[in-house]
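Read through the structure below, which is laid out as structure tokens, and then see the notes.
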Amino acid sequence: MRIIRLFNVVLVVGAGVVLVLIAYLADQSRTALGVPAQLTGWTLFAAMAGLALFNVRKKLSMVPVGRASYWLNAHVVVGLSALVLFWLHTGNAWPSGLYEQALALLFYLLSLSGIIGYGLQRLIPARLTQGGDEVIHERIPAELARIRDDVESILVACTEETGSDTLARHYLETMHWFFQRPRFFLDHAVSGQKGAHFVQHQCAVVSGYLSEAEQGHLARIGDLGHDKNRLDRHYALQSTLKSWLLVHIPLAAGVAALTIWHLVLVHVYAL
Amino acid sequence: MALVTTMTRPQRWDTPFGPDMTDADVQALLERPEIAAIDAEAFPGNVPLIGILRNDTRIVRYTEGDIVVREGDYGNSAFLILEGTLRVVVAPSLPRHLLGRQAVGKKGFFEALTQLWTNRWIPEVRDVGRYTGKGLRSDTDKTEARVFLQDVPAILDKHRTAALVEGQLFGELAALGRIPRAVTVFAETDAALLEIRWQGLRELRKFDENWRRRIDENYRENALKAALKETSLFKGLDADALQKVADATLFETYGSFDWHTTYKRMRQKGSAAEEPIIAREGDYPDGVLLVRAGFARVSYGVGKGEITLTYLGAGDVYGFDELYRSWRDEGEVSLQTTVRALGYVDVLRVPAHILEEYVFAGIDRPPEPLRPAAEGTLVDNGLLEWAVDERFINGTKAMLIDLDRCVRCDDCVQACASTHGGNPRFVRHGKTFDHWMVANACMHCKDPVCMIGCPTGAIHRTVAGGTVIINDETCIGCGTCANSCPYDNIRLVEIANDKGAPLLDEDSGQPIIKATKCDLCANNPGGPACVRACPHDALRRVDFRDVAALREYV
């Protein structure tokens, strides 16, 4: 832990020094009627190449190329530095040409998705833990199917034992929707209680029409409903954790493509 | 009203060690001098000698070259030679490949890198050619398959060996002491051995004076003095004093040798495991306890419960502080803590008068008492208490995941797969406590019960580091290790050939199975890939016995 803290300090201080140095050299170049965009542009390109290496490192787990936690910290610091370099390079927050504007838009979206992703990674794990019942994302559909089967078995048993189909009809009319697949995605993603409320409400509504024997079956369905709600919460939060990368990585690919074309254009026509 | 189902209460000998033992075999054994000398009357009615022979022993026949026990293996039985001659390899030890063990070294950086393109998308692909000519004698019963030495004369030429002849007993120290086999023994000629499982051996030692003397003397001669000398208490003693200590030392065993099976059953039933008390807080100590094998929990009472203070493992001492203070005229000092067997523990008890005579006077600095070491609140101690209850204390490299940091990205699983031919060797799932999870990854236990009973020695410890690994080439997929692992950390997988076609047994048509588990990336450079791959530092391999390091981490 001490080593990684020291690494972080060195990283932040190093990035700060590099940025100040680049800003100074760019200013000197501007004063000497040079082309400061060359320096800031290539530095920015190097930083972006470095950022892309983080993804390469993930594929190289079989060889000792440094702990991924160090790489992530470097990715964050270099990513934020790239934002500053971008402003140094363009001279303002929003460039003038259409192509550059498209590039800037993608770059800002990329940076924003990175910052949001980092924030999500800091916030969501603890919420998952507090939800209890740790479950692997890929197993959630199977778990949901198991719960649904259990509920439907209870309903069949209830109908056979009591001769009443009140609970079964109620299930088919309303609760069936809930048990079909993950529900209340957005609500779970923002820590809402809609799912728990739905289960509670559905049970309360039908409770008054059930015999004592049916009440026992309803209680078990209620428990399974709450189990399913916890799975929904896991599904929503884990999906959110996984899906932000589906935005970040395509944006990174887009920025990389536009940047390379930008380099070609600049070197062919502008220099 | 619920229906009641009845069944016969399970008895100790419901499952005999050797189901093929006949009355004639037992009768023949009773006529042998080693058995005939036993006083059958000394055995209680519920554990008769004849019952022990019938149910706790079996006759095993070995062909020339068969390995009977391997150096480093864990075994739960001893052997009495009935016919034939065996050889014990004294020095140098047999090469690992001859013992059916993995001989592959660590890969270099570039060799490891080639896995980037050589890993397969098809799960559990194997090069079938590797399985031929591995010195395995197969059998219809997989647990009876053996590794054999193909060139015995060459072994005898190159290695110093000693003969073991008819009537000799061997393997009893490892069986009773839960320690690895110290040597390799193989059959020089065709041989018949009486294999006695530890339960039967314990009864023979308990009820027959000759067998007790034979086993204890053997231990005193071969291992006790070395064990005593390794502890800090007796390091400075000269040979005479050490002999006196050894002569007065008592051997005691608490808990169940096969604790893992009872623990598994208890877990399935959802009840807590029983922990036999070795010494109780408030009692007066009559000697110091040295742990020889297994684990013990040291605790003290708080309210109606107890707080775990520490855990004792091999080489640790209990009760010394209290005895020392009593000797220094502080009055009769009672034990400040309770010590219990965690599963199974084998202890040496050195009487107080021996310590007073040979040890206390030579001590410069009084020992640190255990009790004041207690620190933190009940909440602080919660994780450790849980780890003890779940027996994770056995693990030296348990995979501890901080769920408050873990983003469930499975980079750890992918990293594991990338270093194992595309097949992950653990599941990112397991028992949780607060925001901690101990994942289903091999913990490389201090007491590796998975190694007990492996018929080919495929599961073994590496020489460097003691990592528990499975040699895929000699694993016969019998599942003994997976069934023994109390933590469900060993998986049996169906394998395929390099074209992805499932491999089936020629005779039965059943899939060929191999046991797989985490090997701490033993062949790969850089240590466990899972730890390196976690971008959030959420995953650690921890030793729950290293309380100080664990407290610092959590």
Side-chain angles (χ1 to χ4, degrees), chain A residues 1-5 7-8 54-76 117-140 143 234-246 248-249, chain B residues 107-119 401-422 427-437 439-440 521 523-540 549 552-553:
Chain A
M1 277 295 165
R2 281 186 200 141
I3 297 171
I4 198 160
R5 274 190 209 126
F7 175 77
N8 289 344
F54 182 48
N55 199 31
V56 177
R57 189 257 170 258
K58 288 195 172 199
K59 308 277 184 292
L60 297 177
S61 301
M62 68 290 288
V63 282
V65 285
R67 292 172 76 130
S69 53
Y70 289 66
W71 279 80
L72 175 65
N73 290 354
H75 188 78
V76 171
Y118 188 77
L120 290 174
Q121 291 188 333
R122 294 279 146 182
L123 291 173
I124 290 181
R127 286 179 51 207
L128 278 169
T129 311
Q130 288 150 14
D133 296 340
E134 191 62 30
V135 61
I136 294 173
H137 188 257
E138 289 73 16
R139 286 186 187 171
I140 291 176
E143 286 291 310
H234 257 275
Y235 179 78
L237 292 174
Q238 289 198 41
S239 299
T240 307
L241 269 176
K242 286 181 192 295
S243 55
W244 77 268
L245 270 176
L246 297 178
H248 190 67
I249 290 188
Chain B
K107 292 173 187 156
F109 183 92
F110 291 106
E111 194 186 351
L113 190 61
T114 59
Q115 294 171 109
L116 193 58
W117 54 88
T118 55
N119 280 345
I401 298 177
D402 183 349
L403 295 173
D404 277 356
R405 284 167 170 263
C406 172
V407 299
R408 283 75 168 174
C409 62
D410 279 332
D411 278 2
C412 50
V413 181
Q414 283 168 25
C416 181
S418 74
T419 56
H420 295 91
V427 182
R428 185 185 54 76
H429 196 70
K431 298 238 168 193
T432 56
F433 175 83
D434 190 19
H435 60 101
W436 301 102
M437 173 195 279
N440 281 127
C521 298
N523 296 335
N524 256 66
C530 52
V531 178
R532 278 186 285 121
C534 181
H536 302 277
D537 253 341
L539 188 154
R540 294 280 177 103
E552 192 188 348
Y553 174 51

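First the proteins, then the strands, lettered A, B, ... as listed; each starts at 1.
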Assess whether side-chain contact (heavy atoms from CB on, under 4.5 Å) is satisfied between R67(A) and D537(B), documenting all intermediate values.
-> CA-CA 9 Å; R67(A) 292 172 76 130; D537(B) 253 341; 3.1 Å; yes
Report the option among G526(B), A538(B), P525(B), C530(B) that has the most heavy-atom pairs separated by less than 4.5 Å from atoms of chain A.
->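 The answer is P525(B).
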Given the options I136(A), L237(A), N73(A), V65(A), which has more heavy-atom pairs under 4.5 Å with chain B than any of the others?
->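 Most pairs with chain B among the choices: I136(A).
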Give, for atom CG of L241(A) and atom CZ of R408(B), the distance between the pair rounded to the nearest 0.5 Å.
->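 One gets 7.5 Å once the value is rounded to the nearest 0.5 Å.
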To the nearest 0.5 Å, how far apart are NZ in K59(A) and CD in Q414(B)?
->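 If we round to the nearest 0.5 Å, K59(A):NZ and Q414(B):CD are 7.5 Å apart.
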Against chain B, label I124(A) side chain, backbone, both or neither, depending on which of its atoms sit under 4.5 Å from a heavy atom there.
->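 Looking at I124(A), nothing touches chain B.
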Select one option (side chain, backbone, both, neither) describing which atoms of Q238(A) are under 4.5 Å from chain B's heavy atoms.
->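 Only the side chain of Q238(A) comes within 4.5 Å of chain B.
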If you look at every heavy atom in [X] and [Y], which pair is closest and at what distance?
X	Y	value
S61(A)	A529(B)	O-CB, 3.7 Å
C406(B)	P125(A)	O-CB, 3.2 Å
V135(A)	H429(B)	CA-CE1, 4.2 Å
M62(A)	A112(B)	CG-O, 3.0 Å

Chain A contact via V427(B) - which portion, at a heavy-atom distance below 4.5 Å |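 The side chain, not the backbone.
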Please look at T432(B) and chain A and tell me whether the side chain, the backbone, both or neither of the residue comes under 4.5 angstrom of a heavy atom of that chain.
->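 Side chain only.
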Sorted by first residue and then second, give each salt bridge (Lys or Arg N to Asp or Glu O under 4.0 Å) pair with at least one member in residues 409-419 of chain B; sequence neighbours left out.
->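 Qualifying pairs: K58(A)-D411(B), D410(B)-R428(B).
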With sequence neighbours excluded, give me every salt bridge (Lys or Arg N to Asp or Glu O under 4.0 Å) pair touching residues 121-133 of chain A.
->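 Residue pairs with at least one partner in residues 121-133 of chain A: D133(A)-R230(A).
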Stepwise, does the side-chain contact (heavy atoms from CB on, under 4.5 Å) test hold for Q121(A) with H536(B)?
-> CA-CA 9 Å; Q121(A) 291 188 333; H536(B) 302 277; 3.0 Å; yes
Would you check if the side chain of T129(A) reaches a backbone N or O of L403(B) as a donor-acceptor pair within less than 3.5 Å?
->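 Pair found, side chain donor or acceptor close to backbone of L403(B).
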